[in-house]
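Worksheet: one structure, shown below.
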Amino acid sequence: MIEARHHLPTNILYLDGVTVSFDGFKALRELSLAIAPGELRAIIGPNGAGKTTFMDVVTGKVRPTEGEVFFHDTVDLTRHDEAEIARLGIGRKFQKPTVIDSLTVWENLELACAGERGVFTTLMHPRSAGERERMAEILERVGLAEAAGRPGGALSHGQKQWLEIGMLLAQSPELLLIDEPAAGMTDHETELTAQLLREISGERSVVVVEHDMVFVKALDCRVTVLHEGHTLAEGTLEHVQADERVIEVYLGR
Amino acid sequence: MKLLFALLLALMAVGAGAAESPDTATDEPAATFEAVALGLGSASFREKTALVERLAGFADPRVPVLLETLLAGDLYADATTGALYIGKADPAPLVGATEASAPPDKLRKVITNNSLRSALRPLIAATRLRDPDPEVRARAARTLIGEVPLALTPTLEQVTATEQHSEVRQALRTALASVQLADADPGVRIAAVRELADNSDKQILTLLEQRARQEQEADVSAALAEAIAALQAREKWFAFFGDLFFGLSLGSVLLLAAVGLAITFGVMGVINMAHGEMIMLGAYTTYVVQLLMPEHIELSLLVAVPAAFLVSGLVGIAIERGVIRFLYGRPLETLLATFGISLVLQQLVRTIFSPLNKSVITPDWLSGSWQINGMLSLTYNRLYIILFALAVLVTLVGLLRKTPIGLQMRAVTQNRAMASSMGIRTGRVDALTFGLGSGVAGIAGVALSQLTNVGPNLGQSYIIDSFLVVVFGGVGNLFGTFVAAMSLGVVTKFAEPLVGAVLAKILILVFVILFIQWRPRGLFALKGRFVED
Amino acid sequence: MAISSQPKLLSDAASRWLVGTIALVLVVVPVLNLLVPADSALHLSSYWVSLLGKYLCLALLALALDLVWGYAGILSLGHGAFFALGGYAMGMYLMRQIGERGVYGNPVLPDFMVFLDWQELPWYWYGFDDFLFAALMVVLVPGALAFAFGWFAFRSRVTGVYLSIITQALTFALMLAFFRNDMGFGGNNGLTDFKDILGFSLAAEGTKSALFVASGVALIGGYLLCRRVVTSRLGRVLVAVREAESRTRFLGYRVEHYKLFVFVLSAMLAGIAGALYVPQVGIINPGEFAPLVSIEIVVWVAVGGRGYLYGAIVGALLVNYGKTWFTGAFPEIWLFLLGGLFVVSTLFLPRGVVGLLQRRRSSHQPSPPSPSPQAAAQAEEGAR
């Protein structure tokens with residue numbers, strides 16, 4: 001990883017010709033995609049376009065049938081499992097918020113916090129004062145400072161979304177994969193989320209999968225349109241919205 | 001030599017046919033059949049041997065009956081007159097007593113010893129060689145294989161030449177060849193060896209091996225070695241086939257035990273640890289049915305199958321409605337609760353029927369075996385179990401695939417919310433599906449009652465195996481269950497002679513444990529969404 | 001705010017109560033047995049001392065199971081195997097101590113080997129004449145089995161019911177193996193007729209009291225160890241694994257390592273429980289490997305309340321005392337009751353007796369997790 005930094009990678013994430021087939025059904029078909037360091041990218045597409053499979057491939061949940069997936073241009077992600085990829089610095093937020101219900105907000109955040117994740121470290125070493133300070137900051141940032149002692153299961157849907165985002169921040173990954181963050185949020189929260197993601201990008205790369213066009217517009221970034229496991233169009237939101245094929249399959253009518 | 005003489009006489013006499021009068025058939029008209037027979041009761045063993053040889057010479061139709069009754073140890077003689085009767089409790093007059101005369105007070109058994117009995121067998125067989133029934137003739141000829149003295153060869157040759165029925169002729173030729181193995185002429189011996197080489201019979205293999213040890217002539221020895229090799233190869237093949245059959249029957253038992261579980265666990269995703277007790281209830285139902293109809297044991301199993309289905313099915317429905325439905329989506333809790341139910345059911349049976357094993361009667365049509373040849377016989381109960389298991393499987397698959405209730409069952413298990421919104425009463429379907437799985441387990445119990453002891457612990461011994469079969473085959477896949485059951489059964493049977501039964505069982509367990517680690521979803525995993533996710 | 005992330009071990013009232021009570025019993029029982037004269041009404045017979053010692057061992061076993069089931073969500077139906085292996089290791093030491101006092105008077109070979117006409121000690125019996133070696137084996141053998149088993153099972157992500165069933169198959173296979181005479185563990189009869197331990201006669205009252213105290217100390221030690229584990233960050237990772245395994249993976253945790261760690265630790269504790277149990281009951285045989293024995297442990301934990309640690313201890317003591325009483329008074333009713341307990345505790349007491357009491361007191365305590373499988377299932381689904 002450190003080596004990779006020396007080479008000044010041109011891409012933080014690079015997919016080439018990735019095909020994933022499940023018993024004959026191709027969820028991804030020769031998908032190629034490149035994300036630059038610090039980039040914010042939105043991925044849109046109809047249901048079944050392969051958005052979730054794309055995330056599964058990058059995070060090691062699904063092995064591609066064919067094709068290459070590189071992190072920092074040098075790390076072959078197809079050779080690592082979920083935990084290793086997470087440790088390499090790729091964070092993922094799921095569509096349905098999945099916080100640990102019986103742990104408190106604070107404990108959830110602590111779980112996500114960057115650092116050694118070995119069995120003995122977690123057994124022997126509590127968090128340092130510095131880390132705890134950082135966690136408190138994150139809680140402030142996602143607006144959950146008051147709820148730190150409440151169990152995750154007792155949070156509202158929107159709060160869980162924020163907690164997840166907070167957990168992603170605590171994980172401090174170089175690349176964030178975010179699946180429909182705006183689902184179940186109020187308009188105001190959606191606006192706040194978009195703002196937060198724009199802030200994050202720059203120091204980190206962020207890939208957002210989203211349905212909500214208002215949200216994508218608010219992100220104000222490059223957009224990739226997926227269709228049947230393949231890139232249909234790529235460019236600014238205005239550009240892809242003008243693309244006829246995109247209109248046909250997705251934006252509709 | 002006397003024996004041979006008598007045999008020849010017997011053959012000729014029988015050959016002369018029943019139409020002839022007894023007097024014309026014998027050289028000594030003075031000694032009638034009756035007179036000789038009446039001497040049996042008071043004769044010594046040695047005298048008896050001579051007497052039976054003479055008796056065999058008469059063409060009297062009572063001769064075969066007399067000799068067989070004697071062999072069976074069922075011949076009784078009047079201590080004073082020597083008149084012969086069959087049976088003691090209700091003696092039927094055979095020789096020397098008119099039917100009108102009352103049975104005498106003192107009947108003494110005409111006892112036999114080993115040498116007398118071995119003399120009797122070929123004599124009886126010889127009297128049967130010209131029986132009108134070809135079945136009887138064939139069986140008689142087979143009895144003579146390897147037991148006919150050399151001097152009988154010409155007679156056998158004669159009978160063989162005139163025999164029309166091909167199967168009987170083949171048996172006669174084999175018997176003849178078995179005699180000719182010891183012929184003085186090496187050419188005849190080689191021909192006999194060639195004749196015998198085509199047989200699949202352990203006895204003939206033994207004969208050939210015995211001859212091979214005595215044989216001096218090089219040519220004959222070579223022919224013998226060749227024939228022995230051919231028979232041994234065939235014996236190996238049939239032994240393999242026998243093991244395979246055994247394995248398949250064991251696999252069928254596993255299939256029967258597991259197929260109900262394949263529905264409740266595989267299709268519904270319910271872990272029913274009381275599944276074994278559903279099997280046990282089926283076995284006890286068989287026992288009760290037999291108690292209720294002691295006069296019709298032959299039919300009892302036919303009644304027991306639907307009865308067991310109902311009993312186990314209803315208990316299953318009660319369990320589903322009473323306990324399991326509150327635990328859907330919590331597999332580990334379901335496992336614990338149903339385990340508790342299994343303990344209660346076991347104890348219930350212990351309280352009602354006592355903890356001792358109950359004996360379930362095997363009807364006649366299930367006992368015995370099908371003798372395919374001298375190297376392979378298949379027992380009927382195992383044969384029927386294979387057929388029965390297949391029938392149950394096919395019926396179930398048909399039920400699930402082709403009937404409306406089957407469609408509803410599949411709909412509910414695949415997408416409960418959707419099925420519910422389409423007006424299917426999911427609760428009812430759950431209960432019925434569980435009842436079906438349990439009922440099938442009950443049917444398995446009927447079959448198992450014919451193979452193992454029926455006791456309160458019957459189910460326990462099958463529960464782990466059943467789960468392994470279902471998991472090994474791939475949950476939710478009846479075909480997988482079938483393949484898994486059969487392959488585990490066959491592998492077990494082939495491993496048993498090599499490592500012993502217990503170790504074979506352990507190895508199978510270890511194998512399945514390792515297999516599940518390698519393919520956690522079993523042999524034939526369902527694609528897409530999965531019940532256990 | 002739960003910012004102090006490493007609570008002291010005895011920070012909660014329940015732990016203080018539990019450890020205090022056990023410590024008190026450890027003093028009182030031997031005093032009543034050894035110092036109070038036998039004709040006094042307060043005298044406690046040696047039978048009771050051994051029985052209570054037995055309960056303490058079973059409580060330790062339940063504690064071990066709660067660590068894996070209550071926290072990491074691994075429902076092991078084969079924990080009896082680890083318990084029995086620990087017991088056999090101790091049994092082998094005790095067998096070797098018999099020496100020439102056996103029926104056949106062979107100084108080296110245990111009676112059953114002489115009976116089977118064995119000429120020499122099998123290699124795996126070497127070293128068991130040494131107490132320290134045997135004590136090491138008490139933890140190493142169950143630990144090694146748990147490691148080997150868990151290594152395969154957790155790496156290939158066998159979870160839930162599948163895992164439960166293969167753990168049951170594991171103990172079943174071991175039972176069949178130990179029933180075999182040529183395994184060299186006494187076959188059907190197991191190991192018995194022990195004479196003394198570390199030179200003290202097992203029949204002596206003092207030895208019985210000492211074993212009782214040792215069991216109690218082991219239980220307190222085991223409890224504190226488990227408590228240390230579950231209150232650490234590792235404990236929270238375990239809860240996360242229980243509730244949302246793949247989510248935890250995406251957070252960068254090697255789930256299989258965590259599971260393997262608690263599984264092995266738990267197996268070792270079970271082994272210690274077995275080793276202390278055997279000298280107090282005087283026998284170990286393959287029956288301890290029976291699947292029913294293992295699943296009974298689960299019901300202790302379920303009745304007591306899983307995911308609290310002390311719940312497991314309470315459950316083990318309650319159910320086992322009930323078992324002793326019922327099998328004495330109404331032997332035929334016991335299985336009905338045990339079966340009923342399984343059903344009732346899953347249907348009506350999802351959090352056990354302890355959970356019931358706690359809800360009644362309704363004092364808000366954040367740390368004991370509320371096992372809510374639906375929520376966990378949802379979380380898992382979301383993570384897929």
Side-chain angles (χ1 to χ4, degrees), chain B residues 265 269-271 273-274 319 322-323 326-348 350-351 355 456 460 463-465 467-468 470-471 475 500-510 512-522 529 532-533, chain C residues 69 73 75 77 149 151-170 172-177 179-180 182 290-292 295-296 298-299 302 332-348 350 371-374 376-378 380-381 384:
Chain B
F265 176 49
V270 171
I271 312 300
M273 294 301 277
I319 294 174
V323 177
F326 302 110
L327 298 170
Y328 280 124
R330 296 162 64 189
L332 295 180
E333 274 83 355
T334 315
L335 186 154
L336 295 178
T338 51
F339 188 83
I341 294 171
S342 84
L343 291 182
V344 171
L345 286 175
Q346 278 174 37
Q347 190 58 29
L348 200 67
R350 250 181 233 124
T351 312
Q460 272 188 325
I463 184 71
I464 291 182
D465 286 349
F467 268 108
L468 288 184
V470 174
V471 172
V475 171
V502 177
L503 201 56
K505 176 112 191 155
I506 296 171
L507 289 178
I508 294 281
L509 281 174
V510 171
V512 176
I513 290 174
L514 290 178
F515 180 85
I516 291 174
Q517 321 236 338
W518 174 54
R519 282 189 78 155
R521 294 294 187 232
R529 269 182 64 94
E532 225 264 313
D533 263 346
Chain C
W69 185 33
L75 174 53
L77 297 182
F149 180 84
W151 173 263
F152 285 114
F154 301 140
R155 260 166 53 101
S156 42
R157 302 189 185 174
V158 181
T159 55
V161 179
Y162 289 87
L163 189 77
S164 302
I165 289 171
I166 61 171
T167 53
Q168 191 174 40
L170 172 79
F172 187 63
L174 281 169
M175 178 178 77
L176 293 179
F179 265 123
R180 286 162 57 93
D182 42 2
L292 179 61
I295 208 160
E296 254 187 59
V298 176
V299 97
E332 62 288 343
I333 286 189
W334 168 245
L335 275 183
F336 282 125
L337 241 133
L338 183 65
L341 264 183
F342 275 99
V343 179
V344 169
S345 63
T346 47
L347 281 185
F348 304 111
S372 153
Q374 288 93 339
Q378 275 169 12
E380 273 295 88
E381 207 177 306
R384 273 159 205 270

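Lettering of chains follows the sequences in order, A, B, ..., and the numbering in each one begins at 1. Please read all numbers here as calculations on a predicted model, not as lab measurements. Note that these values count all heavy atoms, side chains included, but never hydrogens, waters or copies made by symmetry.
- The side-chain contact (heavy atoms from CB on, under 4.5 Å) check on B/Gln460 picks up B/Glu277, B/Gln346, B/Asn457, with sequence neighbours excluded.
- Among the candidates B/Asp465, B/Ile271, B/Leu345, the residue making the largest number of heavy-atom pairs closer than 4.5 Å to chain C is B/Ile271.
- Looking only at heavy-atom pairs under 4.5 Å with chain C, the residue among B/Val502, B/Val510, B/Thr338 that has the most is B/Val502.
- The shortest distance between side-chain heavy atoms of B/Leu327 and C/Leu347 falls below 4.5 Å.
- Within the model, atoms CG of B/Leu468 and CD1 of C/Ile166 stand 9.5 Å from one another, a figure rounded to the nearest 0.5 Å.
- Neither the backbone nor the side chain of C/Leu337 comes within less than 4.5 Å of any heavy atom of chain B.
- Listed options C/Phe149, C/Phe152, C/Phe154, C/Trp334 were ranked by heavy-atom pairs under 4.5 angstrom with chain B; first place goes to C/Phe152.
- The greatest number of non-hydrogen atom pairs below 4.5 Å with chain B, out of C/Ile165, C/Ile295, C/Leu75, is found for C/Ile295.
- Inter-residue side-chain proximity for C/Val298 and C/Trp69 is flagged as met; some heavy-atom pair is nearer than 4.5 Å.
- Aromatic ring pairs are classed by plane angle as parallel below 30°, tilted from 30° to 60° and perpendicular above 60°; the pair C/Tyr162 and B/Phe265 is tilted.
- Across B/Leu348, B/Val512, B/Thr351, the residue that shares the most heavy-atom pairs under 4.5 angstrom with chain C is B/Leu348.
- Options B/Leu503, B/Ile463, B/Ile341, B/Thr334 differ in how many heavy-atom pairs under 4.5 Å they form with chain C, and the most are formed by B/Leu503.
- Contacts of C/Phe172 classified as ring pair (Phe, Tyr, Trp, His ring centres under 6.0 Å), with partners at least two apart in sequence or in another chain: none.
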